[in-house]
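In what follows, every heavy atom counts, from backbone to side chain, and hydrogens, waters and symmetry copies are set aside. Letters go in sequence order (proteins before strands), and every chain restarts at 1.
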There are 2 protein chains.
Amino acid sequence: MMGKDDKVYLGVKEIAKRAKVSIATVDRVLHNRTGVSEKTRKKINDIIAEIDYRPNILASRLASRKAIQMAVLVPHTSIDTSFWEAPLQGIQRAAKELESYGIRLVYYFFDLNDRHSFTAQASKLLTTELDGLLMSPTFVDESIALTSRCDELKIPYVFIDADLSTSQKISYIGPHLFQSGYVGAKLLTYRAVSPFTVLVVNISKEIENNNHLTIEAGFRSYFKEKELQNRLVTIDIRDTDNLSVARHLTEALHNHPHVEGVFVTNSRVSSVATFLTKLNRPEIRLIGYDFLQENCQFLDQGVIDFLICHKPEEQGYRGVMTLYQYLVVDTTVEKMQYMPIDIVTMENRSFYQN
Amino acid sequence: MMGKDDKVYLGVKEIAKRAKVSIATVDRVLHNRTGVSEKTRKKINDIIAEIDYRPNILASRLASRKAIQMAVLVPHTSIDTSFWEAPLQGIQRAAKELESYGIRLVYYFFDLNDRHSFTAQASKLLTTELDGLLMSPTFVDESIALTSRCDELKIPYVFIDADLSTSQKISYIGPHLFQSGYVGAKLLTYRAVSPFTVLVVNISKEIENNNHLTIEAGFRSYFKEKELQNRLVTIDIRDTDNLSVARHLTEALHNHPHVEGVFVTNSRVSSVATFLTKLNRPEIRLIGYDFLQENCQFLDQGVIDFLICHKPEEQGYRGVMTLYQYLVVDTTVEKMQYMPIDIVTMENRSFYQN
DNA sequence: TATATTTACGGGTACGTACCCGTAAATATA
DNA sequence: TATATTTACGGGTACGTACCCGTAAATATA
């Protein structure tokens, strides 16, 4: 251990001394409060710039009698959508780390199948005192309504998992969907010899966001760019139960006998895997999204070849940390934070950090 | 913003009040210092356990006049080994975050080709006041000598990138080498039809650590487990220049005409790629390690199919953070922190977080 | 000109912990 | 028993910042 004093820390005390004012006046300038003459303000600001003053966050948070309040607006987890467990865990991990720094999170969960629940939770969180908002803009119109209100109230917000390009967000943290689909196409065609037929399967209720369209565009662009001769057939399944999936797939395989690859544009790949297992068609290669338990089972069995994944846990963690960064440390944060496009196989899955 | 006071924080003051002693005495107990009777000590410890006291790190670091000193012992970067740029960046990122918390890092760089430089730096860092050590145990015997000394001096240490299973380390942060080789085998054989011959290429000067042996074991175990009929040929190249690599590979390809896959057990895959490019053998699949600039070039050209990567930047970051965690927050840290086995292709490489 | 209001500050306490310094009380030594 | 030493504490200040409260001085109003 060595003394700290070799590094002479220049703080408010030093600024006050140089400006020949009190610490309280320096504090007023630092926080843009009133009660300082223009002349004094300028003098202090000059000194701040000159010595490159950076506040001691430790002392600042300690002295502040205020806790910083963040609202978290995300889908609640359900059998249908265990995907959201991971971001929530990341959010909670960040919350724990920031707990002793006086950061408090309040959670507002909505139902993925019910846009009214989203609106209800949005109204609810707006009634509270709020310093920041972390949200998944699952429902487009409803999200725009909420963020417009936040803009008026000057509440900064961060998006995870999905984006709204029009809004004044602090940051988007999530996948680059187009490129992700492109990677999917590469994996599905790697080393394949004959140009088999490919099924692109979208399984989602209509009310959810349209991420899958961008993914499919990326997927198709790969075939076009490489001038591959595969035939691509898209099937949209608007009910998420296994029976509906089976019905649609049976029909598709009947109409297209040479299918050797299936690309599922979201995490519901396990229902396709269930179907293919029953059908006993091991030559059909299957790729889908997300490191869910049910998907990993089929990965281990070799039914699913690859899962593509975008670090949902880290999305949640970084969402909170980005807000904290913006509110406490420094308002310059990266606006587009794309997650890596991770490739998960049965061989590397045990070390995957979701 | 809401008042903090709704959450009644129970600190040393409250403990002192309940135990009917002063704050100073509580502090002595908390830090296992002398000068407290056994009776009082027990009473205080009971209260600490009862209220689940967790010290306020903010206040603790602020009040401490001591900076925490960490030494960092890693190879310096060179043309030969640009690999170490990434861990260093992660280390520096962590250092920046922890700067205002009174954490100071001192760097000791050694030469990968010179074990004496390692010993010299090790002796040097031992002469300083030290609270913790982050190191890469590149040279086995020399590292054991250093860590034994650390054990005596009660200096905790963390390993990154390579491990020494015998030592009393706080934590190892790095790849699971065996499984990583296993993943390499999967990728090299995925969808391959005929059982071609595979070259396993180790390129390293003898003085470096033996990570490649474990990787190769994992690689071979895949073929054995799946009962694949490929012929595996290992070639060891003890000089890292392109000429030596070309000479050895020419000979190997002459002796084994049906080579269609090459697996390089470390980051020197680009020199093999250089050779294969000149040879014009595009049917030979090439897989190797690490997200280096020269490797990515060949990835983009399609000469290298996959790079396997273990997040070196994060290894550095987590190395520092793990030490911080141990020294400041809580002494229970994860002992084996395996990095994910990332698969990098030309399609997903632009979003890879090294 | 006398009084009320606003402006522009400064003093001082608090956040929760670390640790210096001083001192009665207990114990050891002469 | 008298003195020296050790033990077991407590008081109080400091870390760097936030912010309450009070008040001269400046300005506005009657």
Under the salt bridge (charged side-chain N to carboxylate O under 4.0 Å, His left out) criterion, do A:Lys96 and A:Glu99 qualify, and how do the steps go? CA-CA 5 Å; A:Lys96 201 178 158 195; A:Glu99 194 185 3; over 6 Å; no

request  = Would you please test A:Gln337 and A:Thr322 for side-chain hydrogen bond (donor to acceptor under 3.5 Å, both in side chains) and show each step?
outcome  = CA-CA 10 Å; A:Gln337 301 188 50; A:Thr322 298; 3.2 Å; yes

Exercise. Report the C-alpha distance between A:Tyr157 and A:Phe159 in whole Å, list the side-chain angles of each, state the deciding distance to 0.1 Å, and finish with yes or no for ring-ring contact (aromatic ring centres under 6.0 Å, His included).
Key: CA-CA 7 Å; A:Tyr157 47 91; A:Phe159 292 146; 5.7 Å; yes

For A:Arg93 and A:Glu313: C-alpha separation, side-chain torsions, deciding distance, then whether salt bridge (charged side-chain N to carboxylate O under 4.0 Å, His left out) applies.
CA-CA 9 Å; A:Arg93 178 163 64 96; A:Glu313 204 267 357; 2.9 Å; yes

Query - Evaluation steps, side-chain contact (heavy atoms from CB on, under 4.5 Å), between B:Ile173 and B:Met339 - result: CA-CA 7 Å; B:Ile173 300 161; B:Met339 290 288 107; 3.8 Å; yes

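Taking 4.0 angstrom as the limit, B:Tyr9 places a side-chain polar atom (N or O) nearer than this to OP1 or OP2 of C:dT17. Look at A:Ser22 and you won't find any side-chain N or O under 4.0 angstrom from OP1 or OP2 of C:dC9. The shortest distance between the side-chain N/O atoms of B:Tyr101 and the OP1/OP2 oxygens of D:dG16 is not below 4.0 Å.
In this entry the distance linking CZ of B:Arg61 with C1' of C:dC15 reads 17 Å, nearest Å. Rounded to whole angstrom, the span from the CD1 atom of A:Ile57 across to the C1' atom of D:dC15 amounts to 16 Å. Regarding A:Ile48, its CD1 atom lies at a distance of 13 Å from the C1' atom of D:dT17, rounded to whole Å. Nucleotide D:dT17 holds its P atom 12 Å from the CZ atom of A:Arg54, rounded to whole Å. Between the NZ atom of A:Lys17 and the C1' atom of C:dC9 there is a distance of 20 Å, given to the nearest Å. Put simply, CG on A:Leu58 is 10 Å from P on D:dT17, counting in whole angstrom units. Distance A:Lys13 NZ to C:dG12 P: 15 Å, rounded to the nearest Å.
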Writing each nucleotide of DNA chain C 5' to 3' as (, ), [, ], | or . by Watson-Crick or G-U pairing under 3.5 Å yields ||||||||||||||||||||||||||||||

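For residues 35-46 of chain B, proximity to DNA chain D is found at B:Gly35, B:Val36, B:Ser37, B:Thr40, defined as any non-hydrogen atom under 4.0 angstrom from a strand atom.
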Per-nt protein contacts along nucleotides 19-26 of chain D (heavy atom under 4.0 Å; B base, S backbone sugar-phosphate only, - none) come out as B-------

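A side chain to side chain donor-acceptor pair (under 3.5 Å) check over residues 45-59 of chain B, counting only residues at least two apart or in different chains, returns the pairs B:Lys42-B:Asp46.
For A:Gln325, the side chain to side chain contact (heavy atoms under 4.5 Å, CB included) partners at least two apart in sequence or on another chain are A:Val329, A:Asp330, A:Val333.
Listed candidates were C:dG16, D:dT17, C:dG10. Nearest to the side chain of B:Asn56 is C:dG16.
Using a cutoff of 4.0 Å between basic side-chain nitrogens and carboxylate oxygens, B:Asp27 and B:Arg33 are scored as salt-bridged. A:Lys169 has a carboxylate O that lies under 4.0 Å from a charged side-chain N of A:Asp163, or vice versa, which qualifies the two as a salt bridge.
When the nearest nucleotides of DNA chain C are assigned to A:Lys20 and B:Ala59 by heavy-atom distance, the more 5′-ward of the two goes with A:Lys20.
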Check residues 18-25 of chain B and write down every donor-acceptor pair under 3.5 Å in which the side-chain atom is one partner and the other belongs to a residue at least two apart or another chain.
residue: B:Arg18; atom: NE; partner: B:Glu14; partner atom: OE2; Å: 2.7
residue: B:Arg18; atom: NH2; partner: B:Glu14; partner atom: OE2; Å: 3.4
residue: B:Ser22; atom: OG; partner: B:Ala24; partner atom: N; Å: 3.4
residue: B:Ser22; atom: OG; partner: B:Thr25; partner atom: N; Å: 3.4
residue: B:Ser22; atom: OG; partner: B:Thr25; partner atom: OG1; Å: 3.4
residue: B:Thr25; atom: OG1; partner: B:Arg28; partner atom: NH1; Å: 3.4

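No side-chain donor-acceptor contact under 3.5 Å links A:Thr147 to the backbone of A:Cys150.
A donor-acceptor contact closer than 3.5 angstrom links the side chains of A:Glu97 and A:Tyr317.
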